[in-house]
Amino acid sequence: VLILSSCRSSKQVATTTDNLKAKEVMWTQKVTSAVVNTGTVTSKMNIELFVDGKRISVGGNCNLKRDEVIQLSVSLLGFMEVGRLELTPDYLLLINRAERQYVKVNYSDVPYLRQVGIDFYSLQALFWSDLFVLGKGNKWSESDFAVTRAGDKVVLQSATNSLLQCSFLVNVLSGLIENSSVTVSGKTRPTGLIWNYEHFVALGDRQFPDKMKLGILDSGKETSATISLS
């Protein structure tokens, strides 16, 4: 009886594990098949900043080339570039033309980014509404995620490290990510980055986010930016 019971329990554990793996594969594939994952996106951009109770609106351009570059350019009066943020797999570049200053660093040269595993591919995923796992670049797998149901949504939570926790709120019907969050583990108050996708536009047979709101939560204070692309 003990032997038979043991065999039956082992089969149940194996079946449960297989079901969990199947669920993870299904939802990660559903998300990746819904969003644009190749090519180049070029757009006019408007950024509305909310800092210390004040709102500031600036225009510019957004140029994204999958797996190569993220370039955000801020302009004055619609034609004179005053600042640029450029991210590639190798470096981060920030240009302040008004003050004639720039900073260019490798991700590995910034201790915090290196420690928590933030790189170009995790930042790219936020702009393209995609999944990511900190520290794994573009080489994550389905087994890096845990899947839970939350009403009419699904939450995909990526593998954690000691500092940050990443989760993705997914629409059950469309497979589109509605919210990505990167929060600091062990905090009594939510602290981190919340990235909401407020609207998508069709590019071919896929969807691309053309309105995004990112918020930084820190000790109850909120700083946010809404990026609108046209």
Side-chain angles (χ1 to χ4, degrees), residues 24 27-41 47 62-72 84-94 103-147 154-170 175-187 190-198 200 206-209 212-218 223-225 227 229:
E24 292 157 357
W27 282 109
T28 53
Q29 289 182 351
K30 188 175 179 67
V31 171
T32 55
S33 64
V35 299
V36 179
N37 54 17
T38 59
T40 302
V41 175
I47 302 178
C62 175
N63 299 303
L64 309 173
K65 191 169 185 180
R66 185 77 182 197
D67 296 333
E68 291 191 28
V69 69
I70 300 168
Q71 187 182 89
L72 305 180
R84 178 187 298 182
L85 173 64
E86 183 173 293
L87 309 171
T88 76
D90 299 318
Y91 64 82
L92 182 155
L93 173 66
L94 181 63
V103 176
K104 183 180 180 181
V105 294
N106 296 328
Y107 299 94
S108 58
D109 293 334
V110 183
Y112 182 76
L113 297 183
R114 184 177 66 247
Q115 184 180 11
V116 300
I118 293 177
D119 58 14
F120 169 79
Y121 296 101
S122 53
L123 297 172
Q124 172 179 259
L126 290 171
F127 280 93
W128 291 73
S129 179
D130 211 343
L131 299 170
F132 62 90
V133 177
L134 294 178
K136 293 206 170 185
N138 59 350
K139 294 181 171 59
W140 56 263
S141 65
E142 291 84 357
S143 60
D144 291 319
F145 294 91
V147 179
V154 165
V155 177
L156 275 67
Q157 197 167 65
S158 66
T160 63
N161 56 34
S162 58
L163 295 176
L164 299 179
Q165 173 69 63
C166 303
S167 62
F168 309 88
L169 185 67
V170 178
L176 294 172
I177 297 174
E178 296 184 353
N179 173 293
S180 297
S181 65
V182 182
T183 54
V184 180
S185 303
K187 292 281 188 177
T191 302
L193 174 68
I194 309 296
W195 197 293
N196 292 305
Y197 301 97
E198 299 190 341
F200 288 83
R206 303 290 183 96
Q207 298 289 315
F208 188 83
M212 301 166 277
K213 182 177 180 181
L214 51 142
I216 299 175
L217 303 177
D218 184 15
T223 301
S224 67
I227 302 174
L229 307 178

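In this chain, residues are counted from 1 in sequence order. Just so it is clear, the structure is predicted and the values come from calculations on it, not from any experiment. The analysis underlying the following values was restricted to heavy atoms, covering all of them including side chains, and did not include hydrogens, waters or symmetry mates.
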Subject >> Within the 6.0 Å centroid threshold, strictly below: Phe168 and Trp195 >> reply: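 For Phe168 and Trp195, the ring centres are not under 6.0 Å apart.
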Can you tell me how far [atom2] of [Y] sits from [atom1] of [X], rounded to the nearest 0.5 angstrom?
{"X": "Arg84", "Y": "Leu94", "atom1": "CZ", "atom2": "CG", "value": "11.5 Å"}
{"X": "Gln165", "Y": "Thr183", "atom1": "CD", "atom2": "OG1", "value": "6.0 Å"}
{"X": "Asn63", "Y": "Glu86", "atom1": "CG", "atom2": "CD", "value": "9.5 Å"}
{"X": "Phe127", "Y": "Leu72", "atom1": "CZ", "atom2": "CG", "value": "4.5 Å"}
{"X": "Ile70", "Y": "Lys65", "atom1": "CD1", "atom2": "NZ", "value": "14.0 Å"}
{"X": "Leu164", "Y": "Thr191", "atom1": "CG", "atom2": "OG1", "value": "11.0 Å"}

Apply side-chain contact (heavy atoms from CB on, under 4.5 Å) to [X] and list each qualifying residue two or more places apart in sequence or on a separate chain.
{"X": "Ser167", "result": "Val155, Gln157, Ser181"}
{"X": "Ala225", "result": "Ile47, Leu49, Leu214"}
{"X": "Ser141", "result": "Ser143, Asp144"}
{"X": "Glu178", "result": "Lys153, Leu169, Asn171"}

[X] and [Y]: which non-hydrogen atoms are nearest, and at how many Å?
{"X": "Asp67", "Y": "Gln124", "answer": "N-OE1, 2.6 Å"}
{"X": "Glu142", "Y": "Thr28", "answer": "CG-OG1, 2.9 Å"}
{"X": "Tyr197", "Y": "Ile177", "answer": "CD1-O, 3.3 Å"}
{"X": "Trp128", "Y": "Val36", "answer": "CE3-O, 3.2 Å"}
{"X": "Pro209", "Y": "Leu229", "answer": "O-CD1, 4.0 Å"}
{"X": "Ser129", "Y": "Val35", "answer": "O-CG1, 3.2 Å"}

**OP:** Assess whether side-chain contact (heavy atoms from CB on, under 4.5 Å) is satisfied between Val154 and Val147, documenting all intermediate values.
**Re:** CA-CA 7 Å; Val154 165; Val147 179; 3.6 Å; yes
Original post:
Leu126 and Leu193: side-chain contact (heavy atoms from CB on, under 4.5 Å), yes or no, with the steps?
Top reply: CA-CA 11 Å; Leu126 290 171; Leu193 174 68; 3.9 Å; yes
Counterpart residues, ring-ring contact (aromatic ring centres under 6.0 Å, His included), relative to [X] (two or more places apart):
{"X": "Trp27", "value": "none"}
{"X": "Phe120", "value": "none"}
{"X": "Tyr121", "value": "none"}

Side chain to side chain donor-acceptor pair (under 3.5 Å) partners for [X], two or more places apart:
{"X": "Asn179", "value": "Asn196"}
{"X": "Ser180", "value": "none"}
{"X": "Asn37", "value": "none"}
{"X": "Arg66", "value": "Asp130"}

Original post:
Would you call Phe145 and Val31 a side-chain contact if the rule is heavy atoms closer than 4.5 Å?
Top reply: no
Original post:
Side chains of Trp140 and Leu134: closer than 4.5 Å at any heavy-atom pair?
Top reply: no
Original post:
How would you list, by chain and number, every residue that makes a salt bridge (Lys or Arg N to Asp or Glu O under 4.0 Å) with Lys104, sequence neighbours excluded?
Top reply: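 So Lys104 forms no salt bridge (Lys or Arg N to Asp or Glu O under 4.0 Å) with any residue.
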**OP:** Give a yes or no on this: more than 12 heavy atoms of other residues, nucleotides or ligands lie within 6.0 Å of atom NZ of Lys30.
**Re:** yes
Original post:
So, does Arg114 use its side chain to make a donor-acceptor pair with the main chain of Tyr107 at under 3.5 Å?
Top reply: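 Side chain of Arg114 to backbone of Tyr107: no pair is present.
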